[in-house]
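Treat the numbers as computed from the prediction; the structure is a model and nothing was measured. The first residue of the sequence shown is numbered 1, and numbering continues consecutively from there.
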Amino acid sequence: MNNKTLGNIFKGDKVIWMVFFFLCIISIVEVFSASSELTYKGGSYLAPMFKHIAILVMGVFCMIVTLNIKCKYFKIVTPFLLIISILTLIWVFFAGHTTNGAQRWISIIGIQFQPSEIAKGTMVLATAQILSAMQTPEGADKNAFKYILWICLPIIPLIMLENLSTAALLCVVIFMMMVIGRVPLSQLGKLLGIVMLLIVFVFAMVMIVGTDKGQINPNKNMTEQIAQAKEKPGGIGKIFHRFDTWKSRIDKFMNGKEVSPEEVDLDKDAQVAHANIAIASSNVVGKGPGNSVERDFLSQAFSDFIYAIIIEETGIEGALFVAMLYIILLFRTGRIANRCENNFPAFLAMGLAMLLVTQALFNMCVAVGLAPVTGQPLPLVSKGGTSTIINCIYVGVILSISRSAKKKDVTDEDLNENQLATA
């Protein structure tokens, strides 16, 4: 009876469930270890972990509810989610809450969340619906490309203004979905060309308009330099106010010259420097869970740089294990998508899996110094609020799709057995 009850709760692909629980266990252990800053501020050693566990429990509840929803009903909510995404992104642009220099949050009934998290899943959902509805024997209809761009037009620029890395991540995922959806290569080639021109233009604007505050000359009058910086559009413009941050990150990443240990500025480059120290001091095998030293110096040890803490505590083996979990998630979802009879669930499952895995890849590359700091948390591992719950919902959608795909396989097997028995 107990096994039957558990089976009714934990429906769907068992491998996806296993990957999810491993990520949750790693998340609880590492967030507990990496939350020394929150412990110091809050005065309680266990409070950050209990809060994180409560969010994960809520996420699991939302995931179980989602996996019990039939895939066809996800189509119904698409237009409503598009409207909600656009309205909340406009809201956050004009009246959002600012944290760490970025205006990305809004608060409803005391609950604070990032509209971009909802918009990401909505874009994947809408793209999957368009691609599935416009499939032909030769691939996607040419109009599918146009409709996807029309959906992207009001959402991605609004995300980009405050969160360039999230907008770039979403563009990469949508492009990969169009490749999987067999959008004509000529259209994808033209899109790549236009995107490259836009990247060059935005890069030039950031380098010209933005001000790298880390390069202010201490030998000159500080007040005068700050006043000059504020006169630039990057200092006061609503649209360009993130250019300063982007330029600082680009300058740090592109400055590839060797710096001796005694010349490292731990105040200016604290995040990257302490992440490198955490990785270098792991000594391959790690210091053991809970024994991190750099967590006390990394301000985002429990979020953006939690992968560096994982490496410091568990070594290369732990880092590879976490990376392998995301790879398993992607390939297992690919197998589920391959079993789907209809295109919509297949495209949706692959889109959500690529969204999670690509974000994880961004986070890992930042932690090991292969990409500029982006502010992307490690999905299902980093400490978070609504982002953790929404990521759990994404996994719930994949599990819901795996249920229908599995039923199709079982039905086919039963039919074959019945045919053999009749013969």
In terms of the angle between their ring planes, are Trp17 and Phe21 parallel, tilted or perpendicular, with boundaries placed at 30° and 60°?
->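 Judged by the thresholds at 30° and 60°, the geometry between Trp17 and Phe21 is parallel.
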4.5 Å side-chain heavy-atom contact, [X] and [Y]:
X	Y	answer
Leu170	Ile156	yes
Leu131	Tyr147	no
Ile26	Ile310	yes
Leu330	Met350	yes
Val395	Asn391	no

Closest non-hydrogen atom pair between [X] and [Y], with its separation:
X	Y	value
Val15	Ile328	CG1-CG2, 3.8 Å
Thr333	Ala349	CG2-O, 3.3 Å
Leu169	Gln359	CD1-N, 3.5 Å
Lys11	Leu67	CB-CD1, 3.6 Å
Ala323	Met364	CA-CE, 3.8 Å

Return yes if some donor-acceptor pair links the side-chain N/O of [X] with the main-chain N/O of [Y] below 3.5 Å, else return no.
X	Y	answer
Ser382	Pro377	no
Thr127	Met123	yes
Arg182	Thr136	yes
Ser402	Ile336	no

Can you list every pair that meets ring-ring contact (aromatic ring centres under 6.0 Å, His included) and has a residue in residues 307-328, with sequence neighbours left out?
-> Phe22-Phe321
From Ile309 CD1 over to Ser282 OG, what is the distance, rounded to the nearest 0.5 angstrom?
->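 Going from the CD1 atom of Ile309 to the OG atom of Ser282 covers 11.0 Å.
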Does the pair Thr166 and Ser116 meet the rule for a side chain to side chain donor-acceptor pair (under 3.5 Å), with working shown?
-> CA-CA 8 Å; Thr166 297; Ser116 59; 5.0 Å; no
With Leu56 as reference, evaluate Ile28, Leu380, Leu23 under the side chain to side chain contact (heavy atoms under 4.5 Å, CB included) test and give the passing residue.
-> Ile28
Ile306 and side chain to side chain contact (heavy atoms under 4.5 Å, CB included): which partner among Val31, Val322, Ile311?
->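 Single pass found, and it is Val31.
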Examine the side chains of Lys287 and Ser281 and answer whether a donor and an acceptor come within less than 3.5 Å of each other.
-> yes
For Glu117 and Thr386, run side chain to side chain donor-acceptor pair (under 3.5 Å): C-alpha distance rounded to whole Å, both residues' side-chain angles, the deciding distance at 0.1 Å, then the answer.
-> CA-CA 8 Å; Glu117 292 296 326; Thr386 50; over 6 Å; no
